[in-house]
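Sharing a structure, written as structure tokens. Questions coming.
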Amino acid sequence: MALSPLNQRRWSNFKRNRRAFWSLIIFSVVFVLSLFAEFLANDRPILINYRGEFYTPIFNFYPETTFGGDFKTEAVYTDPVVECLIASGGVEDCFDIPEEMLEQIDAGTFAHAEFDKGWTLWPLIPYSYDTPVDRPGAAPLPPDSQNWLGTDDRKRDVVARVIYGFRLSIVFTLVVTTAASLIGVAAGAVQGYFGGWVDLIFQRVIEIWGATPSLYIIIIMFAILGRSFWLLVLLTVLFSWTSLVGVVRAEFLRARNLEYVRAAKALGVSNRVIMFRHMLPNAMVATVTMLPFIVTGTISTLAGLDFLGFGLPSSAPSLGELTLQAKQNLQAPWLAFTAFFTFAIMLSLLVFIFEGVRDAFDPRKTFS
């Protein structure tokens, strides 16, 4: 589908802003990779070849008996015995071989024809966000070749938690920003277009709603209903939609008496078409200008709630929870550096992208 001449000009202006353009590319690559976090960091193999058949543990449940074991519970794929069973095609002697041989099989250094009948394809990082790391020493453990950014205070791999936490933060932000923007734009458009008593009543409602202590409401609702991702999304949207109302309302109040609006009314064009087809595009510059504040504010809200212990469940991969661990474990500076640079890079990329979007929608902005 070809872009209209107006959108082509906007896209051309956006690409000329090199900082915004490259920020979009970098952010898009990182976000797309994070969407496939299970293929990058997981304590289950991506693919197993056992006796000529293929298995996908990241998608399906397989008991240990599937690979010749004794238990009907899910196979622990990091267990050397299970790895031996897969590699040998289910040789029963795997339960009797010496521990030294199991360690060699686990490390992939044991060569024998009998143990070369199956194979396992592991993710780049063999840990999920909640997988305990089997390393000696007291947690949090420092970075090494096994855990590139060390572990947290529960011996969970920090890199895996950052990957999953980044995805969770961005998905949360996209859902909240989209829903809050739709509600805020619609409310601001109705206020500014109709004015009068509609505007007056809406303004009083927004003033009362804006004075409501959102943190207390979230704490109370979590205490009653329990913490969950979608409940937090709903509560955040309820207190975020007012951010765009003011700027959209002001643009519609300014444009409601312009000639093209009066002409459209005289021609019998419906209010809905006038508002959202003719007036809203002129209000997009002011609307897009506010989006970076909503996006960064949403990320900060999620991180702040998790930092205070009132956000997502404690088992969820959270960048805010990682920041709290950095505060509680000053002897582990890798936690603080990881949290700081993750937030700094993520927020900087988003701000640069929206800066380019704002300039692309501004007809007065040109690039050399």
Do S12 and R16 pair up side chain to side chain, a donor and an acceptor below 3.5 Å, judged on atom types alone?
yes
Ionic contact status for E251 with R254, cut-off 4.0 Å
yes
Do R135 and D144 come close enough that some side-chain heavy atom pair is under 4.5 Å?
yes
Student check: side-chain heavy atoms of Y164 and S128 closer than 4.5 Å:
yes
Just jot down the side-chain contact (heavy atoms from CB on, under 4.5 Å) partners of F293, sequence neighbours excluded, or say none.
M290
With side chains defined as the heavy atoms from C-beta onward, is the minimum distance between Y50 and E53 less than 4.5 Å?
no
Check whether any side-chain heavy atom of L234 lies under 4.5 Å from a side-chain heavy atom of W230, and answer yes or no.
no
Have a look at S28 and tell me which of V30, L24, I25 forms a side-chain contact (heavy atoms from CB on, under 4.5 Å) with it.
L24
Do the side chains of F276 and Y193 get nearer than 4.5 Å, heavy atoms only?
no
Partners passing salt bridge (Lys or Arg N to Asp or Glu O under 4.0 Å) against R204 (at least two apart in sequence or in another chain)
E207
Should W334 and F337 be marked as a ring pair (Phe, Tyr, Trp, His ring centres under 6.0 Å) after you check the CA-CA gap, both sets of side-chain angles, and the distance that decides it?
CA-CA 5 Å; W334 56 88; F337 283 122; 9.9 Å; no
Would you say that F222 contacts I218 through its side chain, given a criterion of any heavy-atom pair below 4.5 Å between the two side chains?
yes
Does any part of the side chain of V248, heavy atoms only, come nearer than 4.5 Å to the side chain of T287, both counted from C-beta?
yes
With sequence neighbours excluded, tell me which residues meet side-chain contact (heavy atoms from CB on, under 4.5 Å) with T173.
T177, V295, T298, I299
